S.K.: 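Structure below; questions to follow.
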Amino acid sequence: MPDLVEARELSYGEAVNAALHRLMAELPETLVYGEDVGVPGGVFGVTRGLRKRHGDRVFDTPISESAILGSAVGAAMMGRRPIVEIMWADFSLVALDQIVNQAANVRYVSGGRLSAPMTIRTQQGNAPGACAQHSQCLEALFLHVPGLRVVMPSTPQDAYDLLVTAVHCDDPVLVVENRTLYSGPKERVRVGGPVLPLGGARIRRAGWDVTIVTWGAITQRVLEAAEALAREGIEAEVLETPWLNPFDTEAVVESARRTRRLVVVHEANVTGGFGAEVVARVAGAGVPLLAPPVRIGTPDVRMPAAQVLARALVPDSARITAEVRALVRH
Amino acid sequence: MPDLVEARELSYGEAVNAALHRLMAELPETLVYGEDVGVPGGVFGVTRGLRKRHGDRVFDTPISESAILGSAVGAAMMGRRPIVEIMWADFSLVALDQIVNQAANVRYVSGGRLSAPMTIRTQQGNAPGACAQHSQCLEALFLHVPGLRVVMPSTPQDAYDLLVTAVHCDDPVLVVENRTLYSGPKERVRVGGPVLPLGGARIRRAGWDVTIVTWGAITQRVLEAAEALAREGIEAEVLETPWLNPFDTEAVVESARRTRRLVVVHEANVTGGFGAEVVARVAGAGVPLLAPPVRIGTPDVRMPAAQVLARALVPDSARITAEVRALVRH
Amino acid sequence: MSERRLADLLTMWRIRAFEEKVRDLRAEGPIVGSVHLCVGQEAIPAGACDVLEPQDALFATYRGHGWALARGVPAEPLFAELMGRATGVNGGRGGSAYFTAAEYGFHGENSIVGAGAPIACGAALAGRFDGSNRAAVTVFGDGAMNQGAVHEAMNFAAAFALPVLFICENNRYSELTPIRDMVRAPRLADRAAAYGMPGHRIDGNDAEAVRFHVRDALEVAREGGGPTLLECMTERLVGHYIGDAETYRQPGELDRIGRREPIVRLREGLLADGVPASAVDAVEGAARAEMERAATSALAAPPADPATAREHLYA
Amino acid sequence: MSERRLADLLTMWRIRAFEEKVRDLRAEGPIVGSVHLCVGQEAIPAGACDVLEPQDALFATYRGHGWALARGVPAEPLFAELMGRATGVNGGRGGSAYFTAAEYGFHGENSIVGAGAPIACGAALAGRFDGSNRAAVTVFGDGAMNQGAVHEAMNFAAAFALPVLFICENNRYSELTPIRDMVRAPRLADRAAAYGMPGHRIDGNDAEAVRFHVRDALEVAREGGGPTLLECMTERLVGHYIGDAETYRQPGELDRIGRREPIVRLREGLLADGVPASAVDAVEGAARAEMERAATSALAAPPADPATAREHLYA
Ligand SMILES: Cc1ncc(C[n+]2csc(CCOP(=O)(O)OP(=O)(O)O)c2C)c(N)n1
Ligand SMILES: Cc1ncc(C[n+]2csc(CCOP(=O)(O)OP(=O)(O)O)c2C)c(N)n1
Ligand SMILES: [Mg+2]
Ligand SMILES: [Mg+2]
């Protein structure tokens with residue numbers, strides 16, 4: 001029951017599912033739809049059971065991303081709270097107009113008389129064997145769009161909590177999941193708790209030698225790197241920022257001021273990635289650093305399908321460890 | 001005649017037109033098409049006369065951006081060199097897939113056996129009375145896409161030269177023009193010159209107190225600000241970087257090392273704008289600055305149609321002057 | 001009967017007078033930027049809005065002034081919007097090409113060709129769950145029929161039997177390009193069959209014909225019968241936007257159009273039916289007077305306040 | 001006559017044997033990631049590619065292994081591609097779902113639903129200017145018919161009378177969702193009329209029928225008659241991707257499908273025509289042997305070299 005706080009052992013995908021069940025129960029104006037999300041329960045099983053429980057508020061759609069997103073804008077304007085799925089973030093590019101030119105404008109242009117309380121769930125990133133059209137990390141595109149909230153949970157608890165927050169938010173929110181996380185290890189997830197406010201960062205590991213800011217599935221690799229570094233005597237502070245809009249600049253600046261070294265790690269391509277924004281904010285805040293800030297991401301290249309090639313590009317914990325080590329020993 | 005170098009008095013729009021005439025004459029594999037570009041000669045008159053001179057290599061299309069861009073990819077793969085127009089950069093969002101997931105992948109995924117030598121001309125930015133869907137500066141989106149070249153000329157000479165370079169380039173190039181420039185003042189433009197290589201920055205004004213990096217139509221306002229600052233005794237170096245991919249990082253770093261102050265000005269929204277990338281590169285290069293770098297852009301908001309509102313948002317020379325002054329007097 | 005036709009005439013004259021006043025204000029300076037007038041196309045909003053219910057949602061394009069007026073949005077805040085005044089329907093944020101006035105059931109213009117069609121599907125979908133029995137109407141041009149989003153919307157609405165009315169204003173041009181050169185099968189209404197929905201090509205210069213077909217389609221839609229496509233044949237008497245040199249016109253084209261435009265036609269019909277010329281022409285006078293007054297008040301309103309330019313981005 | 005049918009059978013068996021080997025390699029480990037097999041749909045590439053000319057351009061989807069094989073791409077570099085070997089058609093950069101082999105007239109798979117259709121229009125357009133008399137073929141599924149890009153491509157090709165053949169492989173499902181629930185008018189071929197082009201629903205499990213219609217459409221196309229849409233009815237005998245639990249199947253569905261699948265059907269036809277069973281079955285043996293050999297060589301090839309991972313981004 002959504003009203004009772006309880007702890008359950010859930011994988012990331014199950015946590016998303018639990019949040020959707022709760023949201024559909026507590027917010028009668030929610031709708032859940034997208035390609036294969038209804039009867040089949042989603043290609044990753046994340047929307048399983050929703051249609052059975054909530055009937056025609058959950059449904060499958062044609063392969064029509066413009067219609068999915070556009071109808072979500074229209075339904076949201078009229079008081080519904082649609083939660084739509086874009087199966088891969090890459091596919092949003094066939095219909096980006098509806099997010100950027102439509103959803104993001106509704107409130108502002110109407111002077112607040114209309115709003116578009118819709119949630120777009122998608123997932124992104126590279127996975128073994130995935131081709132160039134199924135591997136991109138596109139959060140930076142959405143983060144350049146005023147009017148759109150963006151969140152990227154990486155743990156089961158955040159997958160649950162932040163989706164609940166997103167759907168309760170009265171603005172369009174993009175929730176970027178990652179298919180490599182869905183069937184990861186189960187964790188104790190507190191479900192049924194209060195709706196948390198938007199925003200906020202998480203100190204996943206405290207440290208004093210260097211601040212590593214990160215988000216998304218790569219957070220796990222950053223934490224592994226931090227453990228490896230700790231064994232060498234380097235204590236990294238790992239700051240995960242699942243909320244990218246709003247972004248907790250203060251938390252980052254505060255940590256960087258303490259450690260006086262900054263690394264930003266994301267899976268997205270480096271140039272034009274949101275890592276640039278983080279570095280620019282810290283630089284703009286005049287934080288004195290002991291060494292130039294470092295951005296770690298996928299180099300500026302398309303993603304090859306062969307795992308052996310992709311592995312040479314997507315940052316792993318060994319590369320993160322090495323680059324942070326080099327920075328600290330600088 | 002395209003083969004004779006001569007100087008002509010041309011506006012920005014006329015310079016684009018002259019380049020197109022030359023390119024169609026010297027490269028028989030070029031095609032020019034898009035909405036209203038053929039018989040009507042373009043809504044801004046920029047493609048005037050092309051259809052008359054070059055016949056059915058120039059044509060109008062349905063309002064089908066996916067078909068325009070997608071067909072350009074296909075034609076380019078088969079040896080043509082299409083130059084297609086997307087009337088406003090905002091409209092690219094209905095068909096971004098064809099640029100990002102298709103054009104940008106062709107060469108890489110085929111290991112260089114196929115290529116997509118296509119040029120996408122578009123124009124962007126705010127102009128008096130333009131609505132939120134006709135005002136965005138979207139270069140940052142494209143600059144996060146490996147495989148795509150991006151150039152943003154602001155002078156008639158560059159409008160001519162860089163389009164010539166773009167069309168001769170064997171990769172997809174996005175040429176971002178600006179409609180407020182088209183019928184600006186005529187300048188002496190050297191036409192018929194050699195095809196210049198990609199890349200490179202322009203020192204539009206030499207100085208030693210601060211480096212201002214900028215691109216696009218706002219360059220003019222930056223130069224006005226620099227003149228105003230000079231009258232106050234502040235000598236700004238204005239570095240215009242019409243080539244954003246490839247970006248001349250060295251020129252920026254070198255200038256910032258000299259002036260030890262950095263400002264980046266663009267018309268695009270600040271957060272996630274390419275200004276962040278410029279600041280991050282300078283910071284990453286370890287350039288010692290006397291004061292934190294400053295980014296000037298449109299604040300993170302949608303664009304209102306009323307000129308009186310838009311003026312409060314889009315940076316003008318007064319605001320640029322004030323912010324640079326504050327930085328230097330810091 | 002002639003009463004309803006006089007009412008149609010008034011709606012059309014109000015739109016015509018509004019647009020002509022806008023054209024003047026654009027020439028004189030108070031209105032800046034790109035403006036798309038619907039002069040010549042007035043019969044479509046006049047006929048359609050007459051049979052819409054308050055709960056219905058209407059999505060128009062940049063050529064939407066007439067639709068807003070016909071839907072009941074008062075002229076003064078529309079003029080004010082176009083002039084960037086604080087009293088504009090969106091306080092100047094929307095402008096000529098992208099304003100909304102949801103409180104009047106006008107759910108917005110749109111400046112992206114075809115983008116309103118999927119949004120209208122969503123408004124109709126919402127009506128399934130909120131007990132409103134809402135229908136949604138989306139208006140777009142002939143050129144928009146070639147945009148992917150419109151196709152997706154038509155299939156979406158048809159597959160789910162959503163109460164959506166797709167109104168295509170076929171004015172024969174997409175900006176500066178004749179639609180006949182951009183399609184192989186020029187009867188756009190026939191595209192409806194692709195989606196399994198009814199499609200009709202109708203006389204868009206006859207408000208009565210528009211009313212009949214819109215009412216009929218809405219009835220079907222509200223009973224769960226799904227969407228309809230209406231291709232309303234019309235012509236604009238003016239350029240695509242103010243400033244359009246209209247070089248694409250055929251010789252004599254504007255004369256031909258002028259003879260069959262909806263106001264001239266309805267006026268002649270009323271006179272032929274024996275309605276006195278004074279009564280018919282009083283309509284024009286009333287409409288022009290209203291628009292003069294509205295424009296004057298709007299002109300007197302304060303400009304939008306730049307200090308508010310950053311408000312209302314987020315909840 | 002039976003010779004051509006034996007050749008069809010060989011093409012189909014080569015595809016089937018390739019796909020089954022891929023399935024095994026995916027289970028055993030050398031192939032990783034998402035793989036979409038075309039088992040059951042082999043008659044379409046077999047019939048169509050038989051009548052393509054070398055200059056023609058072919059654009060397929062992620063379900064494109066069979067199209068590549070039928071177009072003449074050798075099996076070994078395809079296996080190698082799927083296994084990420086240096087000897088793959090794209091050195092492992094494309095993978096199962098996005099490889100190209102232009103040197104064989106195979107202009108690529110595509111993993112974005114519908115995206116190949118506008119690209120094919122461009123290949124056809126190029127043919128207008130390069131004297132090649134090229135036709136372009138774009139292949140996509142039933143679900144792709146609802147994607148905006150496909151609509152735009154069909155109109156673009158029709159309006160400009162481009163020599164494009166739109167082949168819709170209607171296997172009744174879009175991933176896990178039946179197409180009948182996603183459209184109101186289930187005969188997708190009828191959508192062609194919207195664009196003023198011919199559209200035919202044909203038996204996609206009969207290579208001969210496919211060949212006839214493809215040849216006919218290409219003839220029209222090459223003579224300037226414009227595009228055609230062929231809706232090829234078929235079924236996949238396997239999941240949407242390897243690993244698909246196929247919970248959406250009706251009881252008995254796979255049995256029904258199995259009885260009318262193209263290889264079984266053609267085999268029975270050949271036997272009924274008096275072709276000796278040994279000759280018919282030798283075809284399967286030859287195909288399987290070829291694929292075993294090809295897979296074995298591919299397995300022996302070196303993996304793609306990570307040092308090259310950044311090459312070929314720009315000219
Ligand atoms: C996606 C997109 N592409 C192009 C444009 C530019 N544009 C604005 S109006 C227009 C013509 C539309 O023609 P039609 O649909 O017939 O409507 P009309 O203007 O005739 O009412 C075009 C191409 C746009 N606004 N959006
Ligand atoms: C634009 C886009 N949307 C969604 C997907 C995810 N997707 C991949 S295959 C597929 C189903 C396609 O069905 P259909 O067109 O019938 O082809 P089939 O797989 O049956 O051959 C979907 C939805 C995608 N790849 N691209
Ligand atoms: Mg039109
Ligand atoms: Mg299918």
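Quantities reported herein were computed from a predicted structural model and do not represent experimental measurements. Throughout, protein chains are lettered first and strands after them, A, B, ... in sequence-line order, and every chain is numbered starting at 1.
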S.K.: Has Arg310(C) got more than 12 heavy atoms of other residues, nucleotides or ligands less than 6.0 Å from its CZ?
M.R.: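 Counting other residues, nucleotides and ligands, CZ of Arg310(C) stays at 12 neighbours or fewer.
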
S.K.: Could you look at Val39(B) and say if it's the side chain, the backbone, both or neither that has a heavy atom under 4.5 Å from chain C?
M.R.: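 Answer is neither: Val39(B) stays 4.5 Å or more from chain C.
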
S.K.: Tell me, for Tyr241(C) versus chain B, whether the close heavy atoms (under 4.5 Å) come from the side chain, the backbone, both or neither.
M.R.: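 Contact with chain B: side chain only.
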
S.K.: Search all heavy atoms of Ala312(B) against all heavy atoms of Ala309(C) and return the closest pair with its distance.
M.R.: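 That closest heavy-atom pairing would be CB-CB, 4.4 Å.
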
S.K.: Are the side chains of Thr308(C) and Leu309(B) in touch, meaning some heavy atoms are under 4.5 Å apart?
M.R.: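 A side-chain contact exists here, since the closest heavy-atom pair is under 4.5 Å.
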
S.K.: Within the structure provided, determine whether Asp60(B) and Asp181(C) are in side-chain contact (heavy-atom separation under 4.5 Å).
M.R.: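 Counting from C-beta outward, Asp60(B) and Asp181(C) never come under 4.5 Å.
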
S.K.: Measure the shortest side-chain to side-chain distance between Glu65(B) and Gln147(C) over non-hydrogen atoms and say whether it is less than 4.5 angstrom.
M.R.: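 With C-beta onward as the side chain, the pair touches.
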
S.K.: Compare every heavy atom of Ser174(C) with every heavy atom of Asp36(B), then report the nearest pair and how far apart it is.
M.R.: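 Looking at all heavy atoms of both residues, the closest pair is OD1-O, 3.6 Å.
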
S.K.: Under 4.5 Å between any side-chain heavy atoms of Pro306(C) and Arg311(B), yes or no?
M.R.: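 When only atoms from C-beta onward are counted, Arg311(B) and Pro306(C) do not touch, as no gap falls below 4.5 Å.
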
S.K.: For chain C, which candidate among Val94(B), Asp90(B), Val43(B) shows the most heavy-atom pairs at distances under 4.5 Å?
M.R.: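 With the most close heavy-atom pairs to chain C, the winner is Val43(B).
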
S.K.: Among Gly92(C), Gly114(C), Gly94(C), Gly84(C), which residue has the highest count of heavy-atom pairs closer than 4.5 Å to chain B?
M.R.: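 Most heavy-atom pairs under 4.5 Å with chain B: Gly92(C).
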
S.K.: Counting neighbours of CZ on Arg201(C) that are heavy atoms of other residues, nucleotides or ligands and sit closer than 6.0 Å, is the number greater than 12?
M.R.: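 Yes.
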
S.K.: Would a distance-only check, ignoring hydrogens and angles, find a side-chain to backbone donor-acceptor pair under 3.5 Å from Ser111(C) to Gln133(B)?
M.R.: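 No; zero donor-acceptor contacts below 3.5 Å.
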
S.K.: Given that the side chain runs from C-beta out, which part of Ile112(C) has a heavy atom under 4.5 Å from chain B: side chain, backbone, both or neither?
M.R.: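 It is both, since atoms from each part get that close.
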
S.K.: Considering only residues two or more places apart or on different chains, which pairs with a residue in residues 293-309 of chain B satisfy salt bridge (Lys or Arg N to Asp or Glu O under 4.0 Å)?
M.R.: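 As it turns out, the salt bridge (Lys or Arg N to Asp or Glu O under 4.0 Å) pairs with a partner in residues 293-309 of chain B, which skip direct neighbours, are Glu277(A)-Arg295(B).
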
S.K.: Decide yes or no for Glu311(C) and Val301(B): does some side-chain heavy atom of the first lie under 4.5 Å from some side-chain heavy atom of the second?
M.R.: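 Glu311(C) vs Val301(B): side chains apart.
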
S.K.: Measure distances from Ala304(C) to the heavy atoms of chain B and classify the residue's part below 4.5 Å as side chain, backbone, both or neither.
M.R.: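 Looking at Ala304(C), backbone and side chain both touch chain B.
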
S.K.: Within residues 32-40 of chain C, which residues come under 4.5 Å of chain B, heavy atom to heavy atom?
M.R.: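 Expected list: Val32(C), Gly33(C).
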
S.K.: Assess the side chains of Asn146(C) and Ser64(B): does a donor N or O sit below 3.5 Å from an acceptor N or O?
M.R.: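 No, no side-chain donor-acceptor contact under 3.5 Å.
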
S.K.: Between Ser96(C) and chain B, which part of the residue has a heavy atom less than 4.5 Å away: side chain, backbone, both or neither?
M.R.: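 Nothing of Ser96(C), per the 4.5 Å heavy-atom cut-off to chain B.
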
S.K.: Do you know which of Ser66(B), Ala132(B), Pro299(B), Ala130(B) has the most heavy-atom pairs under 4.5 Å to chain C?
M.R.: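 Between Ser66(B), Ala132(B), Pro299(B), Ala130(B), the count favours Pro299(B).
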
S.K.: Using every non-hydrogen atom in the two residues, find where Ile63(B) and Ala144(C) come nearest and quote the distance to one decimal.
M.R.: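 Taking Ile63(B) first and Ala144(C) second, the nearest heavy atoms are CD1-N, 4.4 Å.
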
S.K.: Do Thr177(C) and Glu35(B) make a side-chain contact, defined as non-hydrogen atoms from C-beta onward lying under 4.5 Å apart?
M.R.: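 Answer no - side chains too far apart.
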
S.K.: Please rank Leu82(C), Val183(C), Asn110(C) by heavy-atom pairs under 4.5 Å with chain B and give me the top one.
M.R.: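 Option with the top pair count is Asn110(C).
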
